[in-house]
Amino acid sequence: MEQNSNRYNFDQLMELYSADLEQLRALALAEREARYGRIIFFNRNFHIEPSNVCIHRCRFCSYRRDSGEQPGAWSMDLDQIREYCLQKYNKDITEVHIVGSVHPERDFEYYRSIISMVRGILPQEVAIKAYSAVEIDDMSISSGISIEQVLTQLKEDGLDALPGGGAEIFDNSVREQICPDKTSAERYLEIHRIAHKLGISTNCTMLFGHIESREHRIAHMLKLRELQEETGGFNAFIPLKYSCANNSLSDIGEVSQEEILRTIAISRLTLDNIPHIKAYWPMLGKKTSILAMEYGADDMDGTIEDSTKIYSMAGAEEQQPILAVDELRELALSSGFHIAERDSFYKIIS
Ligand code: V47
């Protein structure tokens with residue numbers, strides 16, 4: 001494949017996507033090894049999902065419920081969140097990931113209180129990565145204050161970073177079909193732009209393997225590359241494979257392991273300015289995630305401690321997601337990798 005500059009353009013990426021798998025793997029692996037050798041990054045984290053009651057009706061989502069819907073809907077008050085947090089926390093944890101839903105009855109003060117409460121009960125060194133751009137958007141709309149003000153206040157309360165959820169696929173015609181009523185692609189990008197400007201680093205995601213095409217995926221990644229060029233605030237890109245159980249797109253089924261690996265490789269080659277590519281094991285499964293390390297990924301996310309339900313409710317093979325460090329070390333070693341524990345900002349801890 002001929003390259004005009006050091007950076008692949010849309011047409012070159014389309015060509016690479018269907019290149020010989022071995023050739024694609026070798027290119028992405030070389031890129032990954034030049035950056036990190038054979039290291040697999042991970043952290044010790046847990047999630048808090050305060051509620052799954054959501055005003056949005058994204059067609060790929062198996063997690064959302066209406067208020068009061070039983071069985072299945074939950075909403076935690078502050079005391080319950082405190083109790084849950086203390087139950088999941090142990091002294092090795094370095095990150096709490098808080099994400100839930102756009103709840104019809106919760107206001108900005110509630111979301112602020114969660115951050116201040118968690119900040120108050122956990123050591124200062126534990127990073128709080130909380131609220132996707134979609135939730136931030138809702139806080140701004142419901143409180144009538146700007147995104148900048150919402151993020152500034154949350155930062156003062158103790159927020160350290162934003163997770164990457166809500167990106168889905170940026171193409172408007174796809175969005176119209178899978179999540180018509182939620183935060184637009186432009187607004188998602190704007191919220192991340194503002195976060196970066198305020199010194200809040202973020203992750204970014206892409207939900208793939210539903211009704212979108214490879215063209216849509218590449219266009220999506222190129223938008224992220226463009227924003228990163230401007231701000232430099234993204235830490236990691238997470239390609240999220242659509243899981244098909246219990247949602248209204250179920251008939252589509254799921255993409256093959258080969259398509260997952262190709263997508264991960266293409267993301268490493270496209271996003272030359274985003275430091276990390278995360279293989280999110282609760283969704284891909286542990287074995288596929290380790291295999292993804294040969295295709296350009298370098299990060300496994302964390303130990304999770306059985307604290308997220310988004311993927312198990314969508315039928316992912318990890319029904320009770322826990323990754324013990326010894327298990328990860330064994331899996332990595334058996335594939336010729338070694339592991340490095342990192343904090344939320346990729347500083348190596350051990
Ligand atoms: O935006 C929802 C996805 C995302 C399904 O930043 C689904 O470190 C697959 O963004 N099949 C939220 N995916 C989760 C998220 C995330 C996860 C892990 C780490 C980080 C990070 C962020 O989950 C949603 C959506 O794209 N999702 N339903 C489903 N059926």
Side-chain angles (χ1 to χ4, degrees), residues 41-43 45-49 52 54 56-64 95-102 127-137 160-170 174-175 178-179 182-183 185 188 191-192 195 200-212 217 220 224 233-255 260 263 274-285 289 297 299-304 307-318 321 323 342-346:
F41 295 97
F42 78 100
N43 71 356
N45 64 348
F46 68 90
H47 290 227
I48 302 174
E49 295 177 342
N52 64 344
C54 189
H56 296 301
R57 294 179 171 273
C58 303
R59 292 189 60 206
F60 52 78
C61 183
S62 318
Y63 172 84
R64 79 156 300 278
E95 179 185 272
V96 182
H97 178 144
I98 307 173
V99 71
S101 59
V102 178
I128 302 179
K129 182 177 76 180
Y131 308 140
S132 70
V134 177
E135 291 158 282
I136 299 292
D137 193 18
D160 295 295
L162 296 189
E168 321 317 353
I169 284 283
F170 291 145
V174 173
R175 246 183 144 71
I178 63 168
C179 52
K182 93 170 176 195
T183 304
Y188 175 95
I191 291 168
H192 283 264
I200 301 171
S201 58
T202 74
N203 289 335
C204 50
T205 58
M206 173 178 78
L207 181 70
F208 72 99
H210 42 92
I211 61 164
E212 88 296 353
R217 296 177 202 159
H220 181 104
L224 293 171
F234 287 125
N235 283 331
F237 173 70
I238 310 145
L240 296 164
K241 182 210 66 165
Y242 165 67
S243 297
C244 75
N246 310 318
N247 59 63
S248 77
L249 292 176
S250 290
D251 288 352
I252 291 173
E254 293 180 18
V255 290
I260 296 171
T263 304
I274 297 189
H276 299 281
I277 304 292
K278 190 184 279 193
Y280 189 55
W281 66 266
M283 181 205 316
L284 298 180
S289 297
D299 185 71
M300 285 279 284
D301 197 81
T303 50
I304 308 274
S307 56
T308 176
K309 293 197 173 61
I310 299 181
Y311 308 100
S312 50
M313 287 169 79
E317 68 180 63
E318 305 288 349
L323 180 58
R342 59 159 177 93
D343 68 11
S344 291
F345 310 100
Y346 289 87

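Counting starts at 1 for both ligands and their atoms, in listed order.
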Where ligand 1 meets Pro163 - atom numbers and elements under 4.0 angstrom, heavy-atom basis
6 (O)
Judging by distance only, is a nitrogen or oxygen of Tyr311 under 3.5 angstrom from one on ligand 1?
yes
among protein heavy atoms, the one nearest atom 6 (O) of ligand 1 is Gly164 N, 2.9 Å
Taking 4.0 angstrom as the limit, do Arg217 and Glu212 come out as a salt bridge?
yes
Pairs of nitrogen or oxygen atoms closer than 3.5 Å, one from Ala167 and one from ligand 1: do any exist?
no
Any N/O pair Gly165/ligand 1 closer than 3.5 Å:
yes
Atom 3 (C) of ligand 1: the protein heavy-atom neighbour that sits closest, reported with distance to 0.1 Å:
Leu240 CD1, 3.9 Å
At less than 4.0 angstrom from any non-hydrogen atom of Thr205, what atoms of ligand 1 do you find?
10 (O)
Anything under 30° is parallel, anything over 60° is perpendicular, the rest tilted; go ahead and classify Tyr346 against His276.
parallel
Going by heavy-atom distance to atom 19 (C) of ligand 1, choose the closest among His47, His97, Glu254.
His97
Heteroatom distance test (Leu162, ligand 1): nitrogen or oxygen, under 3.5 angstrom
no
Which atoms of ligand 1 have any heavy atom of Leu207 under 4.0 Å away?
7 (C), 9 (C), 13 (N), 26 (O)
Under 4.0 Å from ligand 1, counting heavy atoms only, is it the side chain of Val99, its backbone, both or neither?
neither
Tell me if a side-chain donor or acceptor on Asn203 pairs with a main-chain N or O of Ala236 at a distance below 3.5 Å.
yes
Closest approach of any protein heavy atom to atom 21 (C) of ligand 1, naming residue and atom:
Ile238 CD1, 3.2 Å
Does Lys278 have a non-hydrogen atom less than 4.0 Å from ligand 1?
yes
Evaluate Lys182 for polar contact with ligand 1, using N/O atom pairs at a separation under 3.5 Å.
no
Which is it for His97 and Thr308 under the side chain to side chain contact (heavy atoms under 4.5 Å, CB included) test, yes or no, and what are the steps along the way?
CA-CA 10 Å; His97 178 144; Thr308 176; over 6 Å; no
Protein heavy-atom partner closest to atom 25 (C) of ligand 1 - residue, atom, separation in Å
Glu168 OE1, 3.3 Å
State whether the side chain of Glu168 and the backbone N or O of Cys179 hold a donor-acceptor pair below 3.5 Å, judged by distance alone.
no
For the pair Asn45 and Lys129, evaluate side chain to side chain contact (heavy atoms under 4.5 Å, CB included) and give the outcome as yes or no after the intermediate values.
CA-CA 10 Å; Asn45 64 348; Lys129 182 177 76 180; 5.5 Å; no
Among residues at least two apart in sequence or on other chains, which ones pass salt bridge (Lys or Arg N to Asp or Glu O under 4.0 Å) with Arg342?
Asp299
Pick one of side chain, backbone, both or neither for how Lys241 approaches ligand 1, counting any non-hydrogen atom pair under 4.0 Å.
backbone
So the atoms of ligand 1 within less than 4.0 Å of a heavy atom of Asn203 turn out to be 6 (O), 8 (O), 21 (C)
Examine distances only and state if a side-chain atom of Arg175 and a backbone atom of Thr183 form a donor-acceptor pair shorter than 3.5 Å.
yes
Give yes or no for whether the N/O distance cutoff of 3.5 Å, strictly under, is met between Lys129 and ligand 1.
yes
Between Lys278 and the options Thr205, Leu240, Ile238, Asn235, the side chain to side chain contact (heavy atoms under 4.5 Å, CB included) test singles out Ile238
Determine yes or no for a side-chain-to-main-chain donor-acceptor pair under 3.5 angstrom, with Asp160 supplying the side chain and Ala127 the backbone.
no
So Phe170 and Tyr188, would you call those rings parallel, tilted or perpendicular, with 30° and 60° as cut-offs?
tilted
Enumerate the atoms of ligand 1 whose separation from the nearest heavy atom of Asn247 is less than 4.0 angstrom.
30 (N)
Residue portion contacting ligand 1 (non-hydrogen atoms closer than 4.0 Å) for Ala314:
side chain
If you have a sec, work out which protein heavy atom is nearest atom 29 (C) of ligand 1 and how many Å separate them, to one decimal?
Phe60 O, 3.6 Å
Out of all atoms in ligand 1, which are within 4.0 Å of some heavy atom of Gly166? Include the element for each.
1 (O)
Ignoring hydrogens and angles, tell me if any N or O in the side chain of Arg64 forms a donor-acceptor pair with the backbone of His56 under 3.5 Å.
yes
Parallel, tilted or perpendicular: which describes the rings of His192 and Phe234, with under 30° parallel and over 60° perpendicular?
tilted
Verify side chain to side chain contact (heavy atoms under 4.5 Å, CB included) between Cys54 and Tyr63, making sure each step is shown before the conclusion.
CA-CA 9 Å; Cys54 189; Tyr63 172 84; over 6 Å; no
Closest non-hydrogen protein atom to atom 11 (N) of ligand 1, residue and atom name please, with distance?
Ser243 N, 2.8 Å
